[in-house]
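Here's the structure we're looking at; comments come further down.
Protein chains get the first letters and strands the later ones, always in sequence-line order, with residue 1 at the start of each.
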There are 2 protein chains.
Amino acid sequence: MLRLSKRVEYGLVALQHLAKRGDVATVREISDENNISYDLLAKIMQDLKRDGMIYSSQGVRGGYALMLAPNQIPVTRVVDALEDQSTITECTSDHESCTREGACTIQGPMHRLQEQVERVLNSVTIAQLL
Amino acid sequence: MLRLSKRVEYGLVALQHLAKRGDVATVREISDENNISYDLLAKIMQDLKRDGMIYSSQGVRGGYALMLAPNQIPVTRVVDALEDQSTITECTSDHESCTREGACTIQGPMHRLQEQVERVLNSVTIAQLL
DNA sequence: CCCATATCGGACTCTTTCAGTCCTACATAG
DNA sequence: CTATGTAGGACTGAAAGAGTCCGATATGGG
Ligand code: SF4
Ligand code: SF4
């Protein structure tokens, strides 16, 4: 499919929101202002927190905020945090394996492609989304 | 998901095979030598033909062969021929549209990302797979 | 003229992934 | 102690992916 999941898109929007805000923001605030499903975004935020790029505080006046500077968060990291299958093929992933491996004649080129795609995704950070 | 479909991978393998051969090859030959499902590959070859990068001859001693030089077939073209959704997001596709368009705050950056990914996929051709 | 060999193309199944929802539990400031 | 948050599991429905099956059509060679 070669397509980013909605989870990643929403994650990027949310991180952009946090970056613009500079302060703690609630899921409700982000989901309302950006027309994103509250429940869905709530899950995404939890995943982003698990990764460590944002932190959370529970209870009244709680919410989420960035842990890092916007230019310290490349898109790659967001993709990795929100997507299980973030590689161009199975064989270029380290937690997957393809049954065709060994017989396949395009593994080399695929690895090289993967590298280049990662380079692109690494060169863009949340700071570029502002 | 950000992953190439098996259809694309098999298509690349088949094109690589045709390039190495330089002559007409049957689907059976390609599927056998590369451990790819015959039926599945047959469909893929039809799509590649429809695109115009290969031609076919039916009947006895028939098969498929390249229409273009290997370095004239970039990966992008193969992806476009074999995959409906070949873009990073819906809004960067020209035959799709996203309901969030207009409200979305990351459309610009996504378009720029799309361009860069295309540049990468365009820089690699079948000639690089040999 | 026939037949073996190919491509052509539609329909179909099974599995996985995706997007989104729902509901309960837990933490905490005021 | 309560309103306002996050935490997290389970669940649904729709869509995409991979692969199969079968009948039709074209064609070179005996
Ligand atoms: S080994 Fe070949 S078929 Fe398997 S994932 Fe890598 S490229 Fe794709
Ligand atoms: S408009 Fe926003 S949400 Fe819709 S596809 Fe483009 S980036 Fe994704």
Nearest-nucleotide comparison on DNA chain C, the residue closer to the 5′ end among A:Gln58 and A:Asp84 | A:Asp84

Nucleotide nearest A:Asp39 (side chain, heavy atoms from C-beta), chosen from C:dT21, D:dT6, D:dA16 | C:dT21

Nearest-nucleotide wise, let me know which of B:Glu83 and A:Ser57 is further upstream toward the 5' end of DNA chain D.
-> A:Ser57

Start with the C-alpha gap between A:Glu9 and A:Lys6, add the side-chain angles, then the distance that decides, and say whether salt bridge (Lys or Arg N to Asp or Glu O under 4.0 Å) holds.
-> CA-CA 5 Å; A:Glu9 294 185 20; A:Lys6 288 291 179 190; 3.8 Å; yes

Spacing of A:Leu18 atom CG and A:Leu66 atom CG [to the nearest 0.5 Å] = 5.0 Å

Phosphate-side-chain proximity, B:Ser37 and D:dT20, N/O vs OP1/OP2 below 4.0 Å | yes

For the side chain of A:Tyr38, counting heavy atoms from C-beta on, which of C:dG9, D:dT6, D:dA7 is nearest?
-> D:dT6

D:dG13 P sits how many Å from A:Lys6 NZ, rounded?
-> 22 Å

Provide, to the nearest angstrom, the distance between the CG atom belonging to A:Leu41 and the P atom belonging to C:dC22.
-> 16 Å

Compare side-chain N and O positions of A:Ser56 against OP1 and OP2 of D:dA7 and report whether any pair is under 4.0 Å apart.
-> yes

Closer than 4.0 Å, any side-chain N/O of B:Tyr64 to the OP1 or OP2 of C:dC8?
-> yes

Do A:Arg21 and A:Glu29 have side-chain heavy atoms sitting under 4.5 Å apart?
-> yes

Give the rounded distance in Å between these two atoms: CG of A:Asn35 and P of C:dG20.
-> 12 Å

Testing A:Thr89, A:Ile88, A:Thr87, A:Thr92 for side-chain contact (heavy atoms from CB on, under 4.5 Å) with A:His111, which one passes?
-> A:Thr92

When the nearest nucleotide of DNA chain C is assigned to A:Ser5 and to A:Arg61 on a heavy-atom basis, which residue is associated with the more 5' position?
-> A:Ser5

Rounded to the nearest Å, what distance is computed from the CD1 atom of residue A:Ile44 to the C1' atom of nucleotide D:dT6?
-> 15 Å

Under 4.0 Å between any heavy atoms, over every strand shown, what does A:Met45 touch: base, sugar-phosphate, or nothing? Just pick one.
-> nothing

Figure out the CG/C1' separation between B:Leu40 and C:dA11, and round it to whole Å.
-> 15 Å

Could you state the atom-to-atom distance from CG of B:Leu2 to P of C:dC18 in whole Å?
-> 11 Å

Report yes if a side-chain nitrogen or oxygen of B:Lys43 is closer than 4.0 Å to either non-bridging phosphate oxygen (OP1 or OP2) of C:dC8; otherwise report no.
-> no

Identify whether any heavy atom of B:Tyr10 sits under 4.0 Å from a base atom; if not, whether one sits that close to sugar-phosphate; answer base, sugar-phosphate or nothing.
-> sugar-phosphate

Is the shortest side-chain N/O distance from A:Arg50 to OP1 or OP2 of D:dG8 below 4.0 Å?
-> yes

Connected via hydrophobic side-chain network under 4.5 Å: A:Leu130 and A:Tyr64 = no

Rounded interatomic separation in angstrom, taking CG from A:Asp47 and C1' from D:dT6 = 13 Å

Pair A:Thr105-B:Gln16, side-chain donor/acceptor within less than 3.5 Å | yes

How many Å lie between CD on B:Glu9 and P on D:dG17, as a whole number?
-> 13 Å

Nearest-nucleotide comparison on DNA chain D, the residue closer to the 5′ end among B:Leu4 and A:Val60 | A:Val60

